[in-house]
There are 2 protein chains.
Amino acid sequence: MQRPDEKKRQKITATAAKLFATRPFHEVRLDDVAAAAQVGKGTLYIYFKSKEDLYRSLIHDGVMQIMEQLSQSITNDLSPGDALEKTIRLMVTFAYAHPYLFELMRAIDSFKGRESLLPARRQLIGFIEQVLRRGADQQSWTDPHPQLTAVFIPGLIRSAILYGPKDIKEKALADQILRLFRHGLQKETFR
Amino acid sequence: MQRPDEKKRQKITATAAKLFATRPFHEVRLDDVAAAAQVGKGTLYIYFKSKEDLYRSLIHDGVMQIMEQLSQSITNDLSPGDALEKTIRLMVTFAYAHPYLFELMRAIDSFKGRESLLPARRQLIGFIEQVLRRGADQQSWTDPHPQLTAVFIPGLIRSAILYGPKDIKEKALADQILRLFRHGLQKETFR
DNA sequence: CGGTCAAAACTGACCCGTCAGTATTGTAAA
DNA sequence: TTTACAATACTGACGGGTCAGTTTTGACCG
């Protein structure tokens, strides 16, 4: 007897991620996904309810992975400043390690008009927001709108990855974002 | 009646923008666009080569509009600081005035014909980059990667509009972004 | 071990609804 | 009468999803 094979699921996932990252949703053919994953088309429907479900899973899995890493390494014994730095570096590292995820998110939209903003995404934003709030509470910094700043972080990474100079390196990106958060465009700072 | 009616073209454009902003590309029916625009389906094909061409035009027109407004109001007699502030405020205002554009941009680079959109975007980024470089040249601030910072600006606006708290107001968003650029999360500044 | 079998996984040809795009018709204005 | 276009009918490709048939797996038994 075969159990739904986790290996196979991941093979499909990995393959699909590449395709969905390359072209928009409506240009991805499930026949192509199946072929590329060396799997029968029907098999896709064993692991995923529909094309949309497959797509959503890709993003969900990715976001959950980041979440896991974050909640594992951002502990409360860190100073707010260290927590923010770690958060940003970790997310940037992740973006470089999984070049497809941020491309995928391009089309993360309300399918069917439902305002079904992926719960996973909300969770991630919530996590970042907590980091920001903690810093504000402890007077490490001030932020009139932590929730806004929270969405900024993935937004910055996304725009850099998608539209930034292609030769920009991981460290440079993280440094630039941190710089922005620490003292904006100001020459130097003491902090 | 004349053939190339600019009014009609804009009616189609405005209507289509709403629909494309509401649902993903593949869920928009040209029958619906035509009906909503009170225009015959065939008429769409007088003004646009294809569904994709229509979509592309929406974004292209939008980006060009921003560009025009920017290049008109950001003159070299402004101090770098003022230029940056104006740039950001103008873009935020535009985003609020055209709530659909940034939703549309979700998939700006996902089409076969994406290349035709890139020049417009590049132009916009290039413009912002110049503003940033001018500030750096004149010692108003420092920026190791102006090109990166340039893509940050639309990225920040986009993420706020798409994923930020829905009740955030225009001024608050612009202020928050400016704050970030001026002194990051630091409490206060003199600048 | 080897054989038997059931259950589940897998496959891919095929079905069938859906639209993008086109052609036709009706009509109102000029 | 002619022009322009809304309305509407039409069509054909296309691709998501299905399912009858095939293969694989592992449990149980002698």
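Just the heavy atoms: all of them, side chains too, but no hydrogens, waters or symmetry mates, feed the values below. Naming convention: chains lettered A, B, ... in sequence-line order (proteins, then strands); numbering from 1 in each chain. Quantities reported herein were computed from a predicted structural model and do not represent experimental measurements.
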With a 3.5 Å cut-off and sequence neighbours excluded, list the donor-acceptor pairs that the side chains of residues 166-174 of chain A form with protein atoms.
unit_1, atom_1, unit_2, atom_2, d
A:E170, OE2, A:T93, OG1, 2.7
A:K171, NZ, A:D175, OD2, 2.7

Pairs of donor and acceptor atoms involving the side chains of residues 39-46 of chain A, under 3.5 Å and at least two apart or interchain, shall be tabulated with distances.
unit_1, atom_1, unit_2, atom_2, d
A:T43, OG1, A:G40, O, 3.4

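Look at CZ on A:F48: it is 18 Å from C1' on D:dT18, rounded to the nearest Å. Atom pair A:L30:CG and D:dT18:C1' shows a separation of 13 Å (rounding to whole Å applied). Across the protein-nucleic acid pair, A:K11 atom NZ and C:dC10 atom P stand 12 Å apart, rounded to whole Å. Going from atom CZ of A:F25 over to atom C1' of D:dC14 covers 15 Å, rounded to whole Å. A:H26 has its NE2 atom 12 Å from the C1' atom of C:dA20, to the nearest Å. For B:Y55 and C:dC19, the OH to C1' distance is 19 Å, given to the nearest whole Å. Between B:D32 atom CG and C:dT18 atom C1' the separation is 13 Å, expressed in whole Å. Rounded to whole Å, atom P of D:dG15 lies 10 Å from atom CD of A:E27.
A cation-pi contact, defined as under 6.0 Å to the ring centre and within 45° of the axis, is absent between A:K8 and A:Y47.
Checked against salt bridge (charged side-chain N to carboxylate O under 4.0 Å, His left out), B:D61 has the following partners two or more places apart in sequence or in another chain: B:R9. Scored by the salt bridge (charged side-chain N to carboxylate O under 4.0 Å, His left out) test, A:D82 finds no partners at all (sequence neighbours excluded). Residues passing the salt bridge (charged side-chain N to carboxylate O under 4.0 Å, His left out) test with A:E85 are A:R89, A:R182, sequence neighbours excluded. Listed by chain and number, the residues in a side chain to side chain contact (heavy atoms under 4.5 Å, CB included) with A:Q38 are A:K11 (sequence neighbours excluded). Remark: A:R29 pairs with no residue by the salt bridge (charged side-chain N to carboxylate O under 4.0 Å, His left out) rule, at least two apart or across chains.
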Please list, pair by pair, any protein nitrogen or oxygen found under 3.5 Å from a nitrogen or oxygen in nucleotides 11-15 of chain C.
unit_1, atom_1, unit_2, atom_2, d
C:dT11, OP2, A:G40, N, 2.6
C:dT11, OP2, A:T43, OG1, 2.5
C:dT11, O5', A:G40, N, 3.4
C:dG12, N7, A:G42, N, 3.4
C:dG12, O6, A:G42, N, 3.3

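Counting any heavy atom pair closer than 4.0 Å across all strands shown, B:V33 reaches no nucleic acid atom.
In the hydrophobic clustering of this structure, B:L78 does not group with A:L185; members are Ile, Leu, Val, Met, Phe, Trp, Tyr whose side-chain heavy atoms approach within less than 4.5 Å, directly or through other members.
Overall, the helix from C:dC1-D:dG30 to C:dA30-D:dT1 carries an axis bend of 10° between its ends, with five pairs at each end and the value rounded to 10°.
An OP1 or OP2 oxygen of C:dA23 is reached within less than 4.0 angstrom by no side-chain nitrogen or oxygen of B:Y45. Remark: B:R29 is in phosphate contact with C:dA20, judged by side-chain N or O atoms under 4.0 Å from OP1 or OP2.
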